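All heavy atoms count here, side chains included; hydrogens, waters and symmetry mates do not. Since this is a predicted model, take the numbers as computed values, not measurements. Lettering of chains follows the sequences in order, A, B, ..., and the numbering in each one begins at 1.
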Amino acid sequence: MRRRLLTAAAAALALLLSGCGGDGEPDDGTIRLRFQSLAWQKESVDANKELVAEWNAAHPGVQVEYVQGSWDSVHDQLLTSFEGGEAPDIIHDASDDLADFAYGGYLADLTGLLPARLRADIPEQSWRTTAFGDGVYGVPFLQEPRVLIANRKILDASGVRIPTAERPWSWPEFRRVARQVTEHMDGSGHAVAWPLKEPVSATLNLGLSAGGRLFHRADDGKVTIRSTGGDGVVPETVRGQVDDGSASRSTLGMGGSDTLPGLFGGKYAMVPLGFSYRQQIVQQAPEGFEWTVLPAPAGSEGPVQGVSPQTLSIAEDSRHKREAARFIDFMLQPENMVRLALGDWMLPTGTEALRDPALHTPEAGWATGAALARELRPAPAQSVRGYPEWKDKVATPAYQEYYSGAIGRAELEKRLVEDGNRVLARYQR
Amino acid sequence: MTAPRTGRAGRAAQYAALLCYLVFLAFPFVWLVSIAFKPAAELGSLHPTWIPEDPTLANFRQAFDEQPLLRAAGNSLLAAASAALVAVVVATPMAYVMARRRSALTTAATGWVIVSQAFPFVLVIIPLFLVLKNLHLINTLAGLVAVYVTWSLPFALWMLVGYVRAVPRELEEAAAVDGAGRVRVLVSVTAPLLAPGLVATGLFAFITAWNEFFFALVLLKTAEKQTLPVVLTHFLGAEGAADLGPLAAAAFLATLPSLLVFAVIQKRITGGMLAGAVKN
């Protein structure tokens with residue numbers, strides 16, 4: 001009796017397991033590729049799915065399955081998939097996440113796989129964000145500069161010069177303007193709200209304009225951290241603005257979205273944000289809110305700034321790399337790149353796509369962003385191994401303490417450089 | 001001997017402390033509900049209100065339009081309920097042995113149970129992934145259930161050992177003296193007394209599995225199989241950007257099953273736990 005019961009239980013469990021089982025891959029000669037996309041906004045997801053459907057309709061022999069990925073924990077998810085030999089064929093990610101995968105041998109070198117058209121269409125500085133060692137491990141296709149989203153009424157009423165992409169504020173001018181705007185607001189708020197919950201990329205990327213690099217690569221390829229005058233411009237500007245009251249102290253620990261209510265309510269006149277935040281402003285801004293997109297301040301190097309573009313890569317384990325590369329080429333045809341850019345409220349890297357009139361309309365600040373595109377450079381430390389650890393363990397707490405006033409400039413530099421070089425040394429033995 | 005009486009001021013302080021604690025616990029949930037019913041314009045208000053001024057179901061409509069929430073909830077329900085059932089079925093006999101038989105083996109097993117709780121997810125996920133791949137259980141809810149059972153088993157076991165020990169051994173001995181066999185003793189005497197413990201343990205395993213994100217993210221590849229926590233992250237972008245309204249609406253819906261399950265069985269847990277505690 002007991003044995004019969006056990007047998008029945010085992011059979012029931014087996015049935016349950018088989019009922020929950022995965023789908024087998026049909027063996028009909030069709031090549032099947034999996035494309036994991038991190039698109040998350042509706043327009044962007046729709047654009048990606050439409051393009052996949054168009055590809056599938058035109059290429060019955062090479063069918064692509066759209067897989068919805070998630071920005072949350074994407075690095076760990078991909079690492080596990082790579083280790084388990086189950087990675088998607090085509091991978092959407094950000095360029096600053098690729099270094100470890102590229103050096104770890106998980107990504108295919110695209111050098112011989114991509115058509116000349118695509119290589120030529122994307123500028124060299126964008127390719128540098130995905131080049132590690134002698135190979136290229138991703139196609140950079142979308143990017144966003146950091147801009148100042150501003151309350152138009154407050155700025156106009158304060159009488160300051162409104163900067164343009166051709167004539168941005170310098171960093172010292174930005175500090176003067178911020179003080180003037182704050183005085184005009186007469187105690188009702190601050191000129192600037194710096195959302196610096198994640199301070200490292202904002203500081204380093206904007207610092208390029210003042211000649212800040214922090215990471216210096218020697219002839220032997222080894223990278224060391226060294227602080228120069230240019231590296232201090234952005235930190236000193238932020239700290240100075242917080243100290244003189246022209247920037248809000250309370251937003252230093254906030255994310256970008258958290259500062260928007262204050263911008264809408266007239267508590268802050270300007271918020272430095274990524275270009276794609278415009279979508280949230282369009283969605284959430286109260287009726288009658290007049291806003292504008294201004295370029296970030298420029299330094300001795302001009303209005304350049306660092307970016308980590310979104311990328312498409314191919315898994316080294318993929319059995320159909322050539323077909324995957326053809327699909328990437330299709331996705332990144334100029335007209336398709338424009339569709340993806342509009343869906344994500346970002347800028348395309350491709351020069352032909354960037355010429356599309358839809359990206360040059362003054363509406364929602366598109367024209368200002370498009371004008372800044374030529375000034376975008378690879379983010380500092382883009383290809384430095386150990387950068388994620390330096391960022392999380394050393395730089396984030398150090399910048400947060402500096403901005404909040406807990407430590408001074410000397411201590412900040414000591415931590416970034418001395419502690420940082422110890423971290424990098426472990427990765428460069 | 002009489003218990004010391006608490007003064008009126010002391011009792012008021014106790015109620016005040018309890019109230020503060022309840023408010024603290026309820027705040028995130030109430031705020032979540034508030035956001036879920038707010039239109040986009042109110043989400044960006046500098047002076048947010050508890051009660052939406054212009055409540056709307058638009059966030060719910062958008063959430064359902066953009067993501068397959070019902071299918072994901074079904075997957076979560078199947079995975080969590082299966083994991084809870086299997087965990088309880090597997091843990092019960094093990095817990096009984098560990099509670100009733102004292103030996104070097106059960107002591108070692110107890111130690112292992114405690115140590116196994118210390119392993120972080122990231123340490124086990126790659127070996128686990130490889131094992132499941134060899135068993136062809138990647139991208140299956142069965143594989144996910146196996147992981148959830150493995151993950152919740154040590155704590156379930158630990159809970160059940162305590163419940164078994166709380167059942168007086170004398171009751172089992174009295175039943176045996178009356179002629180009941182071992183199975184009869186277990187089924188007719190021990191199991192009913194253990195019921196609240198089984199329910200509590202099952203609830204623990206259910207909620208653990210219902211809320212779990214990382215294993216589901218890594219193991220399930222296709223949209224048809226994804227569970228609710230994974231689908232919820234599709235409302236999140238890079239660097240903390242979020243589609244807040246639909247996210248709150250979907251998250252609110254995701255909390256309902258746990259609340260419902262708990263509301264239905266909480267009487268049974270508390271009632272059963274106290275049954276027979278005092279001699280009438």
Side-chain angles (χ1 to χ4, degrees), chain A residues 2 9 13 16-23 34 36 38-42 44-45 65-74 76-77 79-81 83-86 88 94 197-198 201 255-258 260-267 274 276-277 279-281 283-287 289 310 344, chain B residues 40-48 62 65-67 75 78-79 82 86 89 121-122 125-130 132-133 136-146 183 213-214 217-226 230-246:
Chain A
R2 198 180 299 171
L13 192 62
L16 173 71
L17 294 180
S18 61
C20 299
D23 303 319
R34 281 191 302 125
Q36 177 169 299
L38 300 180
W40 68 284
Q41 299 175 60
K42 186 176 181 338
S44 175
V45 173
E65 179 190 3
Y66 179 91
V67 179
Q68 183 65 62
S70 162
W71 283 104
D72 199 1
S73 305
V74 64
D76 292 333
Q77 185 246 335
L79 183 63
T80 310
S81 302
E83 284 285 346
E86 290 280 336
K197 189 178 179 184
E198 292 178 21
S201 60
S257 302
D258 305 326
L260 294 183
L263 178 70
F264 300 150
K267 201 173 167 187
S276 61
Y277 269 92
Q279 192 233 12
Q280 289 197 31
I281 292 166
Q283 272 187 348
Q284 294 178 14
E287 215 168 306
F289 179 73
Q310 293 189 18
D344 256 327
Chain B
E42 275 188 59
L43 290 176
S45 169
L46 186 58
H47 305 290
Q62 192 181 337
D65 279 353
E66 291 181 15
Q67 298 297 337
N75 290 338
L78 181 60
S82 305
V86 176
V89 168
F121 275 27
V122 286
I125 187 66
I126 290 175
L128 201 61
F129 191 91
L130 292 171
L132 290 173
K133 187 187 170 197
H136 301 288
L137 288 175
I138 296 294
N139 199 33
T140 67
L141 289 179
L144 192 65
V145 169
V183 174
F213 163 70
F214 187 60
L217 174 74
V218 169
L219 296 176
L220 304 174
K221 295 184 292 186
T222 55
E224 292 74 28
K225 299 282 167 52
Q226 285 179 338
V230 176
V231 170
L232 286 182
T233 63
H234 297 163
F235 294 107
L236 296 172
E239 290 192 27
D243 211 349
L244 201 55

K.L.:
Which heavy-atom pair separates B:H234 from A:S70 by the least distance, and what is that distance?
P.N.:
CD2-CB, 4.2 Å
K.L.:
From A:E83 CD over to B:I126 CD1, what is the distance, rounded to the nearest 0.5 angstrom?
P.N.:
4.5 Å
K.L.:
Find the one option among A:W71, A:F264, A:Y66 whose heavy-atom pairs under 4.5 Å with chain B are most numerous.
P.N.:
A:W71
K.L.:
Taking the side chain as every heavy atom from C-beta outward, state whether A:E65 and B:T222 have any pair of such atoms under 4.5 Å apart.
P.N.:
yes
K.L.:
What are the two closest heavy atoms between A:Q77 and B:F214, and how far apart are they?
P.N.:
N-CE1, 4.4 Å
K.L.:
When only pairs under 4.5 Å are counted, which of A:Q279, A:Q284, A:Q36 shares the most heavy-atom pairs with chain B?
P.N.:
A:Q284
K.L.:
Which region of B:K133, side chain (C-beta onward) or backbone (N, CA, C, O), has a non-hydrogen atom less than 4.5 Å from a non-hydrogen atom of chain A, or is it both or neither?
P.N.:
side chain
K.L.:
Which distance, rounded to the nearest 0.5 Å, do you find between the CG of A:L260 and the CG of B:L43?
P.N.:
11.0 Å
K.L.:
Is chain A contacted by the side chain of B:Q226, its backbone, both, or neither, given a heavy-atom distance below 4.5 Å?
P.N.:
side chain
K.L.:
Grab the two heavy atoms, one from B:L217 and one from A:S73, that are nearest each other, plus how far apart they are.
P.N.:
CD2-CB, 3.7 Å
K.L.:
I need the B:L236 CG to A:L38 CG distance, nearest 0.5 Å.
P.N.:
12.0 Å
K.L.:
Of the non-hydrogen atoms in B:A242 and A:S257, which two are nearest, and what is the gap between them?
P.N.:
N-OG, 4.4 Å
K.L.:
Would you say that more than 12 heavy atoms from the other residues, nucleotides or ligands in this model lie under 6.0 Å from the NZ of B:K221, or not?
P.N.:
yes
K.L.:
I'd like to verify something: which residue of A:Q41, A:R34, A:E287 has the highest number of heavy-atom pairs under 4.5 Å with chain B?
P.N.:
A:R34
K.L.:
What is the minimum heavy-atom distance between B:F235 and A:W40, and which atoms define it?
P.N.:
O-CZ3, 3.3 Å
K.L.:
Which one of A:P286, A:G84, A:G255 has the most heavy-atom pairs closer than 4.5 Å to chain B?
P.N.:
A:G84
K.L.:
Show your reasoning for whether side-chain contact (heavy atoms from CB on, under 4.5 Å) applies to B:L244 and A:Q280.
P.N.:
CA-CA 10 Å; B:L244 201 55; A:Q280 289 197 31; over 6 Å; no
